[in-house]
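Structure record follows, encoded as C-alpha cells.
By convention here, the first residue in the shown sequence is residue 1.
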Amino acid sequence: MIGLTSESTPLRDASEVADFARRCFQPAAERPDAGERVGVELEFLVFDRGAAAAHVPMAEVERVIPALPGGSRVTFEPGGQLELSGPAASLRDALDRMAADVSAVRAALRPAGLVLAGVGLDPVRPARRQLRVPRYDAMAEFLGEPYGALMMCSTASVQVNLDLGERPQARWERAHALGPVLMAAFANSPLSRGRPCGWMSGRQAVWDRLDRTRTSPVPASGDPAADWAEYLLDARLMLVREDDERCRPVRDGSTFRDWLNGAGERRPTAGDLAYHATTVFPPVRPRGWLEIRYLDAQHPAAWPVCVAVTHALVTDDRAADAALAAVEPYLDPGRGPYRELWGEAARCGLAEPRLGRAAETCFRAALEALPRLGADPGLIGEVAAFADRHVTPGRSPAADLMDPVPGRRVPAWLNGEGRQ
C-alpha cells in the first residue's frame with residue numbers, strides 16, 4: 001500500500017490523507033533503468049458464437065485458458081468479463097507480450113465456440129453477476145440498480161497505465177485535458193439490449209450515472225496531490241472491511257472526511273484509507289503511476305492503437321504540446337480541464353465537430369511521436385489506418401457497430417475473428 005507503514009494505525013487527521021495522496025504521485029518503485037514503461041489492462045466480454053444472448057459461465061472460460069506466454073495475469077470481473085493485466089514494459093515489449101496473450105486466449109476459446117468481444121457495453125445480454133465475494137456484494141448493494149449492476153457486469157474497458165515521469169503534474173493534466181478527445185476517438189459501445197442506446201460510449205453513460213463523488217474527474221486547482229486528497233476525503237464511503245471475510249456497505253451518504261472526523265464507530269486506519277482509494281474510480285487515478293480508465297474496450301485486433309496513441313500523447317512532450325494546443329480553445333478553467341465536453345464525447349463521439357477536429361491534430365501528433373517512442377512500422381501503420389478509417393471521416397468505432405451490412409450473418413460486435 002502506497003506510503004503506509006502499518007495498515008492498522010489509526011489516522012490522526014486529514015494531514016495523513018494529504019501525505020498518502022502525495023505518495024500516490026511518486027514512482028511506485030525505484031528502477032535501475034530510466035526507460036518509459038507502459039502497462040496494459042484489457043477487459044473483454046466473452047460470448048458463445050452460437051448463442052450470443054446466453055451468458056457464458058466464468059468457469060467454462062477459466063477452464064480452457066492456458067499459461068500465457070506474455071505473462072499477463074488473468075482475472076474476472078463480476079459479470080464474468082475476462083481481464084488480462086500485462087506486465088509493465090517498454091511500449092513495444094508491452095504490446096508484443098499482450099498481443100501474444102490475447103492470441104493465446106482467442107485460440108484456446110475457439111474450439112469451445114467462444115469469442116472475445118471487444119466492445120465497451122454488453123450489446124444484448126442483461127446484467128448478471130457471476131462472481132460473488134464480499135467486496136462485490138457490498139459494492140452491488142451500495143451502487144444499486146440498474147447502473148451499478150450494469151457497470152459491474154456489462155462493461156469492459158482498455159486501461160493504460162503510464163509512468164509519472166519527471167513532471168507528474170504535466171502528465172496528470174494532459175491525461176485529463178485529452179480525455180474527451182481520446183474517449184470520442186475510441187468510443188465503442190453504442191448498443192444495449194440489442195438496440196442503439198443513444199450514446200457512442202454507452203459504457204461511459206453507465207459510469208456517469210453512478211455515485212459522482214467517486215466517478216467524476218478529480219477537480220483541478222494546480223496541485224494534483226492536494227486535489228487527490230480532497231477527492232478521497234469527499235468521496236462517499238462505499239464499504240468498511242470488518243475482517244478478511246466480511247465487508248459492510250455504507251448507505252448513509254457519509255464521506256471518508258466524516259469518518260475521519262468521528263462519524264463512525266471507530267477511527268479509520270491507514271489500511272482503511274488505502275482500501276477506500278481502491279473504491280473510487282475517477283477517469284484518471286494515481287497509484288504511483290497514472291491509470292487512464294476512460295477508454296472503451298476495443299476489438300481484439302485494434303486495442304494496440306488505443307494504447308499507442310494514449311501513451312504518445314501523454315508522455316511525449318512534443319506530441320502533448322500539439323495535442324493540447326488543439327484542445328485549448330475548448331478548455332474551461334472555471335469548471336476544470338475540458339469538463340464541458342466529457343458528456344458530448346460519450347454521446348456523440350467523433351461526430352461532435354470540436355472533438356473531431358481536435359482528434360485529427362492529436363492523431364497526427366501521435367503518428368509523429370511513435371517513431372521516437374520505439375514503435376515499429378507495423379504499429380505506426382495500424383495507427384494510420386485507424387485514423388483514416390475513423391478519425392478523418394469523424395466516425396468513432398461505435399458507428400461501425402450500428403451500420404447494417406447486407407448479408408452479414410454475424411453481428412459486427414461479435415466478429416471477434418474478422419475485421420477491426
Side-chain angles (χ1 to χ4, degrees), residues 1-14 16-17 19-21 23-24 41 43 55 57-59 61-62 73-83 85 126-155 159 206-207 209-215 228-229 231-282 285 287-288 291 293:
M1 298 180 184
I2 297 172
L4 301 178
T5 56
S6 174
E7 68 172 49
S8 62
T9 303
L11 300 175
R12 296 186 305 275
D13 53 41
E16 293 189 279
V17 179
D19 290 341
F20 172 84
R23 292 186 176 97
C24 290
E41 299 182 29
E43 294 173 346
H55 289 86
M58 188 175 68
V61 179
E62 191 171 20
R73 181 168 56 95
V74 177
T75 54
F76 291 88
E77 293 297 305
Q81 307 98 308
L82 174 69
E83 181 173 8
S85 301
R128 191 182 80 181
R129 188 151 64 100
Q130 298 193 47
L131 188 56
R132 298 192 176 275
V133 295
R135 173 184 169 96
Y136 291 144
D137 291 343
M139 183 181 294
E141 184 174 342
F142 178 89
L143 294 173
E145 297 281 351
Y147 297 108
L150 282 169
M151 182 277 281
M152 294 176 67
C153 303
S154 300
T155 62
Q159 181 171 304
V206 168
W207 280 91
R209 285 163 170 76
L210 299 175
D211 172 21
R212 296 295 290 164
T213 72
R214 63 183 1 91
T215 63
W228 179 230
Y231 193 95
L232 291 171
L233 286 164
D234 291 335
R236 296 186 183 99
L237 285 170
M238 174 182 284
L239 55 91
V240 172
R241 292 181 300 170
E242 297 187 331
D243 54 41
D244 290 339
E245 299 295 328
R246 293 182 299 165
C247 295
R248 173 173 54 85
V250 179
R251 300 299 303 273
D252 61 6
S254 59
T255 66
F256 195 88
R257 190 189 302 274
D258 294 331
W259 192 11
L260 188 64
N261 289 338
E265 296 178 0
R266 61 172 177 82
R267 292 195 66 78
T269 66
D272 291 323
L273 171 60
Y275 195 81
H276 174 65
T278 72
T279 72
V280 299
F281 312 110
R285 185 168 66 177
R287 296 188 63 191
E291 292 180 343
R293 306 173 52 87

Practice task
Answer yes or no: are there more than 12 heavy-atom neighbours, outside Arg266 itself, under 6.0 Å from its atom CZ?
Solution key: yes

Completion exercise
Heavy atoms of Pro126 and Ser154 approach each other most closely as C-OG, 4.4 Å

Exercise for the section: Go through the steps to decide whether Asp211 and Met238 satisfy the test side-chain contact (heavy atoms from CB on, under 4.5 Å), and finish with yes or no. Expected result: CA-CA 10 Å; Asp211 172 21; Met238 174 182 284; over 6 Å; no

Practice task
Decide side-chain contact (heavy atoms from CB on, under 4.5 Å) for Phe76 and Val61; before the verdict, give the C-alpha distance in whole Å, the side-chain angles of both, and the deciding distance to 0.1 Å.
Solution key: CA-CA 10 Å; Phe76 291 88; Val61 179; 3.9 Å; yes

Exercise for the section: Using the side chain to side chain donor-acceptor pair (under 3.5 Å) rule, take Arg285 and Tyr231 through it: C-alpha gap first, then chi angles, then the decisive distance, then the call. Expected result: CA-CA 11 Å; Arg285 185 168 66 177; Tyr231 193 95; over 6 Å; no

Practice task
For the pair Phe20 and Leu11, evaluate side-chain contact (heavy atoms from CB on, under 4.5 Å) and give the outcome as yes or no after the intermediate values.
Solution key: CA-CA 11 Å; Phe20 172 84; Leu11 300 175; over 6 Å; no

Problem - Short side-chain to backbone donor-acceptor contact, Thr213 and Arg236, under 3.5 Å - result: yes

Handout entry: Evaluation steps, side-chain contact (heavy atoms from CB on, under 4.5 Å), between Val17 and Phe256
Key = CA-CA 10 Å; Val17 179; Phe256 195 88; 4.2 Å; yes

Exercise for the section: May I ask you to establish whether Arg129 and Tyr136 are in a cation-pi arrangement, using a distance under 6.0 Å from NZ or CZ to the six-membered ring centre and at most 45° from the ring axis? Expected result: no

Practice task
Report the distance from atom CE of Met151 to atom CG of Leu210, rounding to the nearest 0.5 Å.
Solution key: 5.5 Å

Fill in the blank from the handout: Residues Leu143 and Gly148: closest non-hydrogen pair is CB-CA, 3.6 Å

Practice task
Count the heavy atoms belonging to other residues, nucleotides or ligands that lie under 6.0 Å from CZ of Arg73, then report whether that count exceeds 12.
Solution key: no

Problem - Heavy-atom closest contact (Gln81 atom, Met152 atom, distance) - result: NE2-O, 3.1 Å

Handout entry: Test item: Asp19 side-chain N/O and Glu16 main-chain N/O as donor-acceptor pair under 3.5 Å
Key = no

Practice task
Look at the side chain of Arg287 and the backbone N and O of Ala277, then say whether any donor-acceptor pair between them is shorter than 3.5 Å.
Solution key: no

Fill in the blank from the handout: Arg267 and Leu260 have their tightest heavy-atom pair at NH2-O, 3.1 Å

